[in-house]
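Below, chains carry the letters A, B, ... as their sequence lines are ordered, and counting in each starts from 1.
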There are 2 protein chains.
Amino acid sequence: MTDSGSFSQFGICDGARAGRPWHAEARLAFQRTTSLHKIERAAGALLGMEADAAKAVYFVLSGWLASSKSLRNGQRQIVDIQLPGEFIDTRLSDMQASATQIETLTPVTLAVVPRGNWMRLLQEYPEILARHERDVAAVLSRMSERMLRLGKSSAQARIAYTLIELGLRSSAFGPGESQEFHIPMTQQSLGDFTGLSSVHVCRTLGQLERMGVVSTNGHMDILIHDIEQLAAIAEIDVALLRGELNSAA
Amino acid sequence: MTDSGSFSQFGICDGARAGRPWHAEARLAFQRTTSLHKIERAAGALLGMEADAAKAVYFVLSGWLASSKSLRNGQRQIVDIQLPGEFIDTRLSDMQASATQIETLTPVTLAVVPRGNWMRLLQEYPEILARHERDVAAVLSRMSERMLRLGKSSAQARIAYTLIELGLRSSAFGPGESQEFHIPMTQQSLGDFTGLSSVHVCRTLGQLERMGVVSTNGHMDILIHDIEQLAAIAEIDVALLRGELNSAA
DNA sequence: CGGTTACTTGACGCGCGTCAAAACCCGTGG
DNA sequence: CCACGGGTTTTGACGCGCGTCAAGTAACCG
């Protein structure tokens with residue numbers, strides 16, 4: 001279980017490490033069963049309110065998306081962020097206690113599995129079923145980690161954890177202490193993700209910067225100087241982080 | 001989609017409403033494919049650290065369980081609560097950034113699907129596959145709702161929401177304004193569930209009581225006087241709540 | 001170059017955590 | 001029957017983290 005284990009920790013797209021990205025395989029499987037409907041969207045678009053492909057299962061081929069819930073007064077919580085190689089089930093969005101919405105953070109391309117085909121796909125293609133099971137496990141796993149920080153951690157820990165999660169998942173990390181990558185979100189949306197106000201996101205990034213742990217250029221370009229200390233602030237088990245970094249590199 | 005819709009909102013066990021509980025069917029299916037291994041545990045026991053049935057998928061036949069994550073300093077967050085008719089996948093518990101643990105809140109009986117049999121079960125029994133898909137959707141749905149409150153709502157909203165969620169899911173609600181039921185948790189664990197300190201849980205329950213919305217006898221016996229107002233405090237769409245109550249009754 | 005959207009910084013207040021002590025509840029054993 | 005002890009709930013005092021309001025700066029775009 002090293003495979004599903006390392007996969008599940010941060011929901012890393014392990015196919016991407018193996019050379020040939022998993023989406024390639026998935027696309028093949030999709031094409032065999034359903035006419036592979038591919039759609040593209042610009043950054044900042046909303047998904048799922050269109051009449052045409054309503055209530056489908058999407059598969060992210062490229063780009064970042066965020067699914068969020070919001071209260072009547074406009075308060076918003078980003079519940080998860082989807083990266084290439086992951087599934088999005090818009091069937092979750094209807095009939096809930098609060099409004100759900102999925103938006104693109106970058107330009108994206110998605111494969112669309114129409115509603116009716118999904119169960120058939122799962123039953124006929126064990127590989128897709130297994131992959132989907134692992135994807136679901138990864139989603140639950142990282143949502144749980146985030147709930148833990150939402151409920152019980154300081155702003156510093158939440159920001160630090162988010163930086164590491166997104167860095168690892170986007171496969172932006174190489175070996176070594178320093179890591180540099182870009183997060184296609186505003187501080188406002190980072191706040192919606194971490195349960196903080198945009199103002200406090202700014203302050204907290206400033207604190208981390210003054211501590212010498214990271215640098216930012218003021219536009220979500222992140223440079224991590226001391227990833228071990230950042231992990232300590234994020235309250236992540238450093239041994240586990242090491243393992244992740246090794247398998248990611 | 002009224003079926004999966006009403007199911008997914010609060011993860012209600014819709015089988016329980018339909019007369020014959022779904023677990024009965026599930027048990028039959030399990031028995032056909034695997035020797036149905038049934039285990040019982042007392043209240044307050046820990047699950048999954050035993051050597052025998054390690055890393056299995058469980059199916060709750062009776063009783064309440066809580067799965068939680070905790071930080072190195074002892075801070076704990078209950079990530080979800082499992083009721084009869086729901087699945088528990090202990091494979092999620094290994095290899096994560098924080099320790100996961102599953103404990104019983106009441107005496108429970110569980111059906112155990114050994115690790116190797118799970119994927120086979122899904123592939124061979126479409127009914128179980130479909131059921132599991134819906135269960136996963138319900139878990140994600142209610143975890144999202146809770147994340148929204150964890151990140152963006154006051155203590156009152158979190159407590160109010162939790163009371164309604166647990167009342168609805170345990171099918172304790174009948175028609176009418178008043179609802180009475182028992183939650184088998186201490187204020188401490190309610191705090192771990194809502195991201196509050198036990199002290200503040202107590203205060204907040206006191207506030208709700210002084211507002212005339214609920215009564216408690218000091219031991220987690222809850223009596224809801226005005227469920228509409230409680231839903232308003234919980235920031236739940238009242239129309240949706242109405243629908244849930246109707247389909248639950 | 002003006003308008004718009006993002007980031008930054010300061011001042012202020014409140015919600016909720018923490019510490020601490022008291023009241024209660026229940027099971028156990030003398 | 002009461003004494004005792006551990007776990008839970010309740011209540012008060014106090015302080016800090018983070019939200020909010022507001023003003024100012026910087027970057028981007030037509």
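The salt bridge (charged side-chain N to carboxylate O under 4.0 Å, His left out) search around Glu228(A) returns Arg242(A), not counting sequence neighbours. Residues that satisfy the side-chain contact (heavy atoms from CB on, under 4.5 Å) test with Ala160(A), not counting sequence neighbours, are Leu230(A), Ile233(A), Ala234(A). Thr106(A) is linked by a side-chain contact (heavy atoms from CB on, under 4.5 Å) to Trp64(A), Val108(A), Pro184(A), counting only residues two or more places apart in sequence or in another chain. Applying the salt bridge (charged side-chain N to carboxylate O under 4.0 Å, His left out) criterion to Arg146(B), with sequence neighbours excluded, gives Asp80(B), Glu165(B). Checked against salt bridge (charged side-chain N to carboxylate O under 4.0 Å, His left out), Arg76(A) has the following partners two or more places apart in sequence or in another chain: Glu103(A), Asp192(A).
Note that the first and last nucleotides of DNA chain D, 5' to 3', having any atom under 4.0 angstrom from a heavy atom of chain A are dC18(D) to dA27(D).
For the helix from dC1(C)-dG30(D) to dG30(C)-dC1(D), the angle separating the two terminal helix axes comes to 30°, with each axis derived from five pairs and the value rounded to 10°.
Note on Ser198(B): nothing from the nucleic acid sits closer than 4.0 angstrom, heavy atoms only.
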Might you list the N or O atoms of the protein lying below 3.5 Å from N or O atoms in nucleotides 22-25 of chain C, with each pair's distance?
none

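Classification of Arg142(B) and Glu86(B) as a salt-bridged pair holds, one side-chain N sitting under 4.0 Å from a carboxylate O.
For the segment residues 200-209 of chain A, the set of residues with a heavy atom within less than 4.0 Å of an atom of DNA chain D comprises His200(A), Arg203(A), in numerical order. Applying a 4.0 Å cut-off to non-hydrogen atoms, none of the residues of residues 73-82 of chain A approaches DNA chain D.
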Less than 3.5 Å apart, which donor and acceptor atoms pair up between the side chains of residues 196-205 of chain B and the rest of the protein, not counting sequence neighbours?
{"unit_1": "Ser197(B)", "atom_1": "OG", "unit_2": "His200(B)", "atom_2": "N", "d": "3.2"}
{"unit_1": "Thr204(B)", "atom_1": "OG1", "unit_2": "His200(B)", "atom_2": "O", "d": "2.6"}

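The salt bridge (charged side-chain N to carboxylate O under 4.0 Å, His left out) contacts involving residues 207-216 of chain B comprise nothing, where partners must be two or more places apart or lie in separate chains.
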